[in-house]
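Quick notes on the structure that follows.
The analysis underlying the following values was restricted to heavy atoms, covering all of them including side chains, and did not include hydrogens, waters or symmetry mates. The sequence lines fix the lettering, A, B, ..., with proteins before strands; numbering per chain opens at 1.
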There are 2 protein chains.
Amino acid sequence: MQVTKPKYLTMTPPKRSPCPISCTLDLIGDRWTLLIIRDMMFFGKQRFEEFLESPEGISTNILANRLRLLEELGLAEKQLYSNHSRRMNYQLTEQGKSLRPVLKVVTLWGLKHIDDTQIPRSHPTDADRSTESFEATEP
Amino acid sequence: MQVTKPKYLTMTPPKRSPCPISCTLDLIGDRWTLLIIRDMMFFGKQRFEEFLESPEGISTNILANRLRLLEELGLAEKQLYSNHSRRMNYQLTEQGKSLRPVLKVVTLWGLKHIDDTQIPRSHPTDADRSTESFEATEP
DNA sequence: AGATATAGCTTGTATAATGCAAGTAACTAA
DNA sequence: TTAGTTACTTGCATTATACAAGCTATATCT
């Protein structure tokens, strides 16, 4: 598979309809994508192995697939951590960060309507890099 | 398959983790469920055949499956339309209606970040039954 | 009464997505 | 030189989805 340039949201997947809900679900309407975005946004995760550590237990092939899709959608960017390592660095773009209100309202709904849910505690090492709080109200 | 009583959100699907985002995705993290809720909430749709008419083109087996799941989750209720007909009547419960802020923020995100999206125009006959506006701000 | 239509599904089958385990490639450190 | 780290890919079994067809109970028409 030969991917040249990241595509943008304007040109990506086939729409089922022009409805904004339907179109949004075409992008992030699955059980994993928002969790990866959560990990980047609230826990400052940036590397493949870090995403694998999340308690939901994503598998490596799904993770690789979703990271590629996020890049193609322009929601995340991939960079080399340093020039002498294979280590990669995934970060949210502005587009990706714009999903914050979505994650927030989903979080609040879950906390209120599903029993035994709680905001995960991040590891100290994760918290160091986390730029945004899970609870914070405003962008 | 023998389903006795509707289950409630507290006892339904296996959690991948206690994270409220993860748990919410376990319930509605697919490409169809929120569209059915949209149809009930904003377009006043109540019947099997009405859901089939939506432009995204859900298939009958998936629709039947999701309506059953929504009932099991306590997000929707199924009733007979009248006592002399097979006609069914699906309606959101209070739990289901509580997803309104989620649909709203998803709608706004889609409108702003995905090209060529627009709020669908409902048919006059649908609008008659619609209790809530797609655009309205407050519950 | 018998035929046609309507509504709400179920069933069958092909294709696609997911889950799980294992393996590979490039570099890094000892 | 050897072992470890990181980011994946591959293979295969299971599950979900898409598409088409069919079925059942009532409602309506003639």
Side-chain angles (χ1 to χ4, degrees), chain A residues 1-3 13-17 22 25-36 39-40 45-72 76-91 125-126 129, chain B residues 1-3 13-17 22 25-36 39-40 45-72 76-91 125-126 129:
Chain A
M1 187 180 178
Q2 175 81 339
V3 175
K15 287 176 167 58
R16 289 177 290 175
S17 83
S22 163
L25 292 174
D26 286 338
L27 305 183
I28 56 172
D30 74 283
R31 290 166 64 251
W32 292 111
T33 304
L34 276 184
L35 296 183
I36 298 172
D39 285 348
M40 291 195 268
K45 298 195 180 186
Q46 300 178 329
R47 295 182 300 104
F48 198 89
E49 302 293 319
E50 289 180 306
F51 297 118
L52 288 182
E53 288 163 10
S54 291
E56 293 84 14
I58 192 171
S59 54
T60 55
N61 54 348
I62 301 294
L63 176 57
N65 172 268
R66 293 306 193 279
L67 287 172
R68 180 157 25 88
L69 288 177
L70 285 174
E71 229 195 320
E72 290 180 8
E77 279 177 346
K78 182 188 192 175
Q79 297 162 352
L80 274 171
Y81 185 79
S82 76
N83 43 4
H84 289 304
S85 162
R86 264 195 98 202
R87 181 162 167 172
M88 290 299 169
N89 204 315
Y90 289 95
Q91 283 178 278
T125 49
D126 296 331
R129 278 206 304 263
Chain B
M1 187 181 178
Q2 174 83 339
V3 175
K15 287 177 167 56
R16 290 177 290 175
S17 84
S22 163
L25 292 175
D26 286 338
L27 305 182
I28 56 173
D30 73 285
R31 291 166 66 250
W32 292 112
T33 304
L34 276 185
L35 296 183
I36 298 173
D39 285 349
M40 291 195 267
K45 297 194 180 186
Q46 301 178 327
R47 294 182 301 105
F48 197 88
E49 302 293 319
E50 289 181 305
F51 297 118
L52 289 182
E53 289 163 9
S54 291
E56 293 84 13
I58 193 171
S59 55
T60 55
N61 54 348
I62 301 294
L63 177 57
N65 172 269
R66 294 305 192 279
L67 287 172
R68 180 158 25 88
L69 287 177
L70 285 175
E71 229 195 318
E72 289 180 10
E77 280 177 346
K78 182 186 189 174
Q79 299 163 352
L80 276 171
Y81 185 79
S82 76
N83 42 6
H84 289 303
S85 162
R86 266 194 96 205
R87 181 163 167 173
M88 290 299 170
N89 204 316
Y90 288 96
Q91 282 178 277
T125 50
D126 294 333
R129 278 206 305 264

**Message:** Between B:Lys45 and B:Glu50 (side chain of the first, backbone of the second, donor and acceptor by atom type, cut-off under 3.5 Å), is there such a pair?
**Reply:** yes
**Asked** Once you round it to whole Å, what is the distance between C1' of C:dT10 and CG of B:Leu67?
**Response** 14 Å
**Prompt:** Between B:Tyr90 and C:dC9, is there a side-chain N or O to OP1/OP2 distance below 4.0 Å?
**Reply:** yes
**Separation of C:dA7 P from B:Leu52 CG (nearest whole Å)** = 11 Å
**Asked** Starting at CZ of B:Phe48 and ending at P of C:dA7, how long is that distance when rounded to a whole Å?
**Response** 12 Å
**Fill in**
Rounded to whole Å, CZ of A:Phe51 lies from P of D:dT6 at a distance of 14 Å
**Message:** Near DNA chain D, counting only heavy atoms under 4.0 Å, which residues of residues 59-66 of chain A show up?
**Reply:** A:Thr60, A:Asn61, A:Ala64
**Prompt:** Considering residues at least two apart in sequence or located in another chain, which fulfil the side chain to side chain donor-acceptor pair (under 3.5 Å) criterion with A:Arg16?
**Reply:** A:Asp26
**Request:** Calculate the interatomic distance between A:Glu49 atom CD and C:dA25 atom C1'; express it in whole Å.
**Result:** 14 Å
**Request:** Identify the two heavy atoms, one from A:Ile58 and one from A:Leu52, that lie closest to each other, and give their separation to 0.1 Å.
**Result:** O-CD2, 3.6 Å
**Request:** Please report, rounded to the nearest Å, how far the C1' atom of D:dT26 is from the CE atom of B:Met88.
**Result:** 12 Å
**Message:** Can you measure B:Ile36 atom CD1 to D:dT17 atom P for me and round it to whole angstrom units?
**Reply:** 11 Å
**Request:** Taking only the side-chain nitrogens and oxygens of A:Trp32, find out if one of them lies under 4.0 Å from OP1 or OP2 of C:dA17.
**Result:** no
**Prompt:** Which one, C:dG8, D:dC8, D:dA18, comes nearest to the side chain of B:Arg47?
**Reply:** C:dG8
**Request:** Please state how far atom CZ in B:Arg31 lies from atom C1' in D:dA16, giving the value in whole angstrom units.
**Result:** 11 Å
**Prompt:** Looking at the side chain of A:Lys78, which of D:dC8, D:dA7, D:dT17 is the nearest nucleotide?
**Reply:** D:dC8
**Request:** Return the set of residues passing salt bridge (charged side-chain N to carboxylate O under 4.0 Å, His left out) with A:Asp30 (not counting sequence neighbours), or none when no residue passes.
**Result:** A:Arg66
**Message:** Quick check: do A:Leu70 and A:Ile36 have side-chain heavy atoms less than 4.5 Å from each other?
**Reply:** yes
**Item:** Contacts of A:Asn61 that satisfy side chain to side chain contact (heavy atoms under 4.5 Å, CB included) - sequence neighbours left out
**Value:** A:Ser59
**Message:** Counting C-beta onward and ignoring hydrogens, is there a side-chain heavy-atom pair between B:Asn89 and B:Leu80 closer than 4.5 Å?
**Reply:** no
